[in-house]
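Throughout, a chain's letter reflects where its sequence line sits, starting with A, and its residues are numbered from 1.
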Amino acid sequence: MSRYDPASIEPKWQQAWEQAGTFVATRDQDKPKYYVLEMFPYPSGRIHIGHVRNYTMGDVIARYKLATGHNVLHPMGFDAFGMPAENAAMASGGHPKDWTYSNIDTMVEQMKPLGFGLDWTRMFATCDPEYYGQQQALFIDMLSEGLVYRKNAVVNWDPVDMTVLANEQVIDGCGWRSGAAVERKELTQWFFKISDMSGELLDALDGLDEWPAKVKTMQANWIGRSRGLQFAFSTVDAPEDFDRIDVYTTRPDTLMGASFVGLSPDHPLTRALEQDNPELAAAVAEMRKGGTTEEALEKAEKLGFDTGIRVRHPFDTAWELPVYIANFILMDYGTGAIFGCPAHDQRDLDFARKYDLEVRTVFVPAMGEEGTFITPEDGGPAYVPAKQETVRYLRGFAGQEAQTGEAAVDAAVDFCEENGVGQGVTKYRLRDWGLSRQRYWGCPIPVVHCDQCGVVPEKKENLPIELPDDVSFDIPGNPLDRHPTWRDCDCPSCGAPAKRETDTMDTFVDSSWYFARFTAPRAVTPTDKADAEYWMNVDQYIGGIEHAILHLLYSRFFARAMIKTGHLPASAAEPFNALFTQGMVTHAIYLSEELDKPIEETKPGRTPPMLRKIYHYPEDVIEFNYDGRPVAIRRVDVKGAANLEELREVYELDQADARAIEVIPSAKMSKSKNNVVDPMSIIATYGADTARWFVLSDSPPERDVEWTASGAEAASKHLTRVYRIASEIAAGDVPETREDPALLKETHKAIQDITLGVEAFGFNAAIAKLYGFTNALSKSRAGSETKRFAAKTLAQLMSPMTPHLSEEIWQLLGGEGLIANAPWPVADAAMLVEDTVTLPIQVNGKRRGEIDVPTDMPKEEVEKLVLAHEAVVRALDGGQPKKLIVVPGRIVNVVV
RNA sequence: GCCCGCGUGGUGGAAUGGUAGACACAGGAGACUUAAAAUCUCUAGGCCUUAGUGCCGUGCCGGUUCGAAUCCGGCCGCGGGCACCA
């Protein structure tokens, strides 16, 4: 009998699928279509075990849907524009294009041996001119629909390198290369008008039944609809044209607690004051230092500057409030100006205390806490209860004295509207999407700047506007900007000499419509109508939770924009019917701190040896327990230690030499920590099916999974066992003994469990059931026909996860055709019925015994049996039960 | 700082509000073998001068319930996101 040999089995079946065109998708109106998509990878150079997990999950769904009679579309491509390619070019010469395409080649080569049921004929990379040319066409259509516009926005500016920095290139407020303090600088940039759709994008979340609730919550908070009051303070001693300052507040009920007005450093009034007040200008310049991220702004020390201007309180013109410029106020949200109510906002309170401003408590807890409550005026923290909580107003002006924040806000808005102070408005936190990037390796924005005509879209027949190849990355900045000829062109409108836009698009644009392009990847328009109508929507989308907000929100916006521009059917407004977010694959980090040179080499006057951190590769160490915690030693240091005791001795010696390796468990895989597990070595050692089986087993798919060598080995052992069991059955080595009705039942139970498991993304639980079923099959003394049926069913149930092994077993057992095409087994409902059930008996919620009863026994009879049970009799001690709860088929609880 | 998650044996984890620890890994004991590997069988949350029909136990504290890993409130820890990483 032959051994399980993945190295020979796997290429054989991959070839068979390719020859049969098993996974090539073509439109077929007779079958229900199913579009399964995993978030496409960035071509970093090598596939990562996290990719293997992500694509295996998608593949399980794809193969399962194929077996259940669907016409499946399961494509793959690459999200290929972006900074790493430029960084590589800067670091080691070369060209981003060469680097990217060579990485793509490598990754495709690494993915193919994994046997994913992908339609490779549809593959593309977003850096293919064929793709980004269509993206440019889309952009032009969006421009003419009014979905794109230009405005000023701030960027991270490195004043030394004279270049724009990405947020990740700003480290502790300084440029990553120059180390210079980063400033916020305004540039004219392109924007998508996503904010026009804020309400629609928010409301439509309700219809996404098959999306995780957490993703919908995150998106809803991100869009951030708020109902508030917009009103104006009239100013005293302000420059011309600034006789009023518009503010927006979500808490108009706290107006009587106002103690100052805050302006954003980017507010028009701030800019006006800057002109002739050097002291103020210097303070504002200080506030503009640091990065642009919300996190940086929030964490920055709260700075203010008193403008000297005063405003009149809308309810009492004699009451004047100071106007401060404050660095924590965002120009993009509301009106860029707020009123501060220190008593009910911790940030305002910190600010008020710093600048010695008034604190006026507006409301206090409604009841109970009189004795313990310290008002903010008396040094307590800001009082910020939930809006649903009822509070008592000391300085209310509308509504009841005791009311919820919500009711008070509504009453305040009504009051203000009636008295002409302001009006209730709905605002969104969501800002327009800035898509301009001052970088080379991205999709060129297809517009031309003409002295006569202004900003003009490129003609579609001139697309794609291709990136020039002759560029260099030896100096910072955008190579397109300094290219001698690429910018020169004729105005598409008047024909006069003009200049191209040198900004390229945010890579989120590339990934916001690739799912639509996959339906017709070679079409000469962005999409093909018939294909888009047939294949959209994506039935199941799978990807990382890190994309919960931006990528998914942008894609939802793009789908709507593509409907408006005629590139998608109206039914595709929500492009992803179901979403699944999977966890990361983590791995322990092996860390030691070693002297950078031997002590004996130390000479007087020389630098003494320093401890430095060394990260070891997983394959270079042996891990074991020492003193109750996991530690490791280098394989080269084992010195013939044959058992645990000797390994521990070596570890102790290493500790003395400061060479002992600490194990830091479950860390995100990272190249710099050397804890990246290369899937290719796993495949080389165990085969693709083992890798696939392992990444699905043990951990729930939405949670992170720790890669362990022992886990991979266990997976491999199990597949070997399945192969051996199946071969024995195929070879007729099974003794013809008695019938075993239990095995037939187990088989149908397994069909039921695994089918439900796959449908619900419970892959780890499904695999646990497959272990159980395998054990049942192995132990069963059933006759060969029943065993053969069970083994064939096992192969089918495993086939989405371990497709190569399953094909091999299917063939051994005389299955017809490819298992990939065999119809998914259906459980016989009659086989799933159990005759008896074991009911645990609880007394006061604690388990005290159990009884076996027929499944259909009436409640009354169960009660009689329970009351007769010795544990219950003893607990009752002759008395009557207070309560008797019988949950049919589940449990019995006696309350005494 | 703000938003969203997660936390169960030595380890990964299972459990429609209903027997906590399924299924595995590592460990222990045994069988087979000249031996090893492979394979198979059994064992396995913690506690105890009472070994039981016992007590404790799902990050911590409290609540709802006949019954809570699961629901609610507060706290601690870890992770994801925060609009130019993808």
Side-chain angles (χ1 to χ4, degrees), chain A residues 39 41-42 44 79 81-84 155-156 164-170 212-215 217-222 224 291-300 328 332 346-347 430-439 506-508 510-511 544-551 553-554 581 583-584 586 624-625 628-630 665-666 668 697-700 702-706 708 710-711 713-715 717-718 720-721 724 762 764-765 767-772 775 778 838-850 870-871 874-875 881-885 887 890-895:
Chain A
M39 290 180 187
Y42 179 79
S44 56
D79 188 12
F81 275 135
M83 293 202 313
V155 293
N156 301 306
V164 177
L165 298 178
N167 284 334
E168 70 159 6
Q169 295 172 322
V170 179
K214 63 180 168 186
V215 174
T217 310
M218 282 190 259
Q219 291 217 355
N221 290 340
W222 186 261
T292 58
T293 65
E294 196 178 309
E295 185 187 6
L297 296 172
E298 289 272 345
K299 282 187 173 166
F328 57 86
D332 297 301
Q346 188 59 45
R347 199 168 50 182
L430 180 64
R431 310 201 295 256
D432 277 332
W433 170 10
L435 69 119
S436 295
R437 297 292 180 269
Q438 294 71 41
R439 264 181 264 290
D506 176 10
T507 55
F508 272 124
D510 311 336
S511 56
I545 186 66
E546 67 272 20
H547 296 292
I549 296 175
L550 293 180
H551 163 63
L553 189 62
Y554 290 157
T581 54
M584 296 182 300
T586 61
F624 55 93
N625 258 298
R629 71 203 150 91
S666 254
K668 185 175 179 172
S697 62
D698 285 351
S699 275
E702 67 275 15
R703 221 188 283 179
D704 295 347
V705 63
E706 167 96 6
T708 59
S710 57
E713 187 142 338
K717 272 185 194 173
H718 179 71
T720 306
R721 181 161 175 250
R724 196 184 59 243
N764 57 325
I767 282 183
K769 303 276 188 196
L770 283 167
Y771 272 106
N775 286 339
S778 153
T838 303
L839 288 184
I841 297 172
Q842 291 184 335
V843 178
N844 292 337
K846 285 191 195 288
R847 187 177 173 281
R848 285 289 183 266
E850 58 183 38
E870 51 160 337
R874 204 174 331 108
K882 241 190 200 162
K883 209 168 182 181
L884 185 56
I885 296 141
V887 184
R890 274 287 179 190
I891 201 163
V892 182
N893 193 8
V894 187
V895 186

When you look at A/M83 and A/E168, which way does the side-chain contact (heavy atoms from CB on, under 4.5 Å) test go after all the steps? CA-CA 11 Å; A/M83 293 202 313; A/E168 70 159 6; 3.1 Å; yes
Quick one: label [X] by what it contacts on the DNA or RNA (base, sugar-phosphate, nothing), any heavy atom closer than 4.0 Å.
X	value
A/K214	sugar-phosphate
A/L430	base
A/K882	nothing

Contacts of A/I545 and A/K769 projected onto RNA chain B by closest heavy atom; the upstream (5') one is A/K769
Report the nucleotide, chosen from [options], that has the shortest atom-to-atom distance to any side-chain atom of [X].
X	options	value
A/M218	B/rG81, B/rU19, B/rC4	B/rC4
A/V887	B/rG18, B/rA20, B/rG13	B/rG18
A/N775	B/rU39, B/rA83, B/rC23	B/rC23

I'd like the [atom1] distance from [M] over to [N], given in whole Å.
N	M	atom1	answer
B/rG17	B/rC72	P	12 Å
B/rC76	B/rA24	C1'	31 Å
B/rC32	B/rA36	P	12 Å
B/rC56	B/rC75	P	29 Å
B/rC4	B/rC55	P	41 Å
B/rG59	B/rA69	C1'	12 Å
B/rG18	B/rU65	C1'	12 Å
B/rA35	B/rC42	P	23 Å

Could you pull out the protein-nucleic contacts involving nucleotides 64-66 of chain B (nitrogen or oxygen on both sides, under 3.5 Å)?
| unit_1 | atom_1 | unit_2 | atom_2 | d |
| --- | --- | --- | --- | --- |
| B/rC66 | OP1 | A/K883 | NZ | 3.3 |
| B/rC66 | O2' | A/N893 | ND2 | 3.3 |
| B/rC66 | O2 | A/N893 | ND2 | 2.4 |

Would one find a side-chain N or O of [X] under 4.0 angstrom from OP1 or OP2 of [N]?
X	N	value
A/N764	B/rA14	yes
A/S697	B/rA24	no
A/R721	B/rC40	yes

Stem list, RNA chain B (Watson-Crick or G-U pairing under 3.5 Å, at least 3 consecutive pairs): B:1-7 with B:76-82, B:10-12 with B:23-25, B:27-31 with B:39-43, B:45-47 with B:54-56, B:59-63 with B:71-75
Protein-nucleotides 84-86 of chain B N/O pairs under 3.5 Å:
| unit_1 | atom_1 | unit_2 | atom_2 | d |
| --- | --- | --- | --- | --- |
| B/rC84 | OP2 | A/R437 | NH2 | 2.7 |
| B/rC84 | O4' | A/R437 | NE | 3.2 |
| B/rC84 | O4' | A/R437 | NH2 | 3.2 |
| B/rC84 | O3' | A/N167 | N | 3.3 |
| B/rC84 | O2' | A/N167 | N | 2.6 |
| B/rC84 | O2' | A/N167 | OD1 | 3.4 |
| B/rC84 | O2 | A/R439 | NH2 | 2.1 |
| B/rC84 | N4 | A/Q189 | OE1 | 3.2 |
| B/rC84 | N4 | A/S436 | O | 3.4 |
| B/rC84 | N4 | A/Q438 | OE1 | 3.0 |
| B/rC85 | OP2 | A/N167 | N | 3.2 |
| B/rC85 | OP2 | A/E168 | N | 2.9 |
| B/rC85 | O4' | A/E168 | OE1 | 3.2 |
| B/rA86 | OP1 | A/M83 | N | 3.1 |
| B/rA86 | OP2 | A/T507 | OG1 | 3.4 |
| B/rA86 | O3' | A/D79 | OD2 | 2.8 |

Say you draw a straight line from [atom1] of [X] to [atom2] of [Y]; how long is it, rounded to the nearest 0.5 Å?
X	Y	atom1	atom2	value
A/L550	A/S511	CG	OG	10.0 Å
A/T507	A/F81	OG1	CZ	10.0 Å
A/L165	A/N167	CG	CG	9.5 Å

N/O to N/O distances under 3.5 Å, protein versus nucleotides 30-32 of chain B:
none

Is there side-chain contact between [X] and [Y], with at least one heavy-atom pair below 4.5 Å?
X	Y	result
A/K882	A/V894	no
A/L430	A/L553	yes
A/Y771	A/H718	yes
A/N764	A/S697	no
A/H551	A/E546	no
A/N775	A/R721	yes
A/N844	A/V895	yes

B/rC55 C1' sits how many Å from A/K846 NZ, rounded? 9 Å
What is the separation between atom CD on A/E713 and atom C1' on B/rG27, rounded to the nearest whole Å? 16 Å
Do the side chain of A/E295 and the base of B/rC82 come within less than 3.5 angstrom through a donor-acceptor pair of N or O atoms? yes
For A/Y554 and A/F508, take the angle between the two ring planes, folded into 0 to 90°, and tell me which bin it lands in: parallel under 30, tilted 30 to 60, perpendicular over 60. perpendicular
Which is it for B/rG81, anti or syn, if anything within 90° of zero counts as syn? anti
Using modelled atom types and a 3.5 Å cut-off, is there a donor and acceptor pairing between side-chain atoms of A/N156 and backbone atoms of A/T292? yes
Strictly distance-based, threshold 3.5 Å: is any side-chain N or O of A/Q169 a donor or acceptor partner for the main-chain N or O of A/A166? yes
Applying salt bridge (Lys or Arg N to Asp or Glu O under 4.0 Å) to A/R431 and not counting sequence neighbours gives A/D332
Among all residues two or more places apart in sequence or in another chain, which pass the side-chain contact (heavy atoms from CB on, under 4.5 Å) test with A/P840? A/R847, A/I891
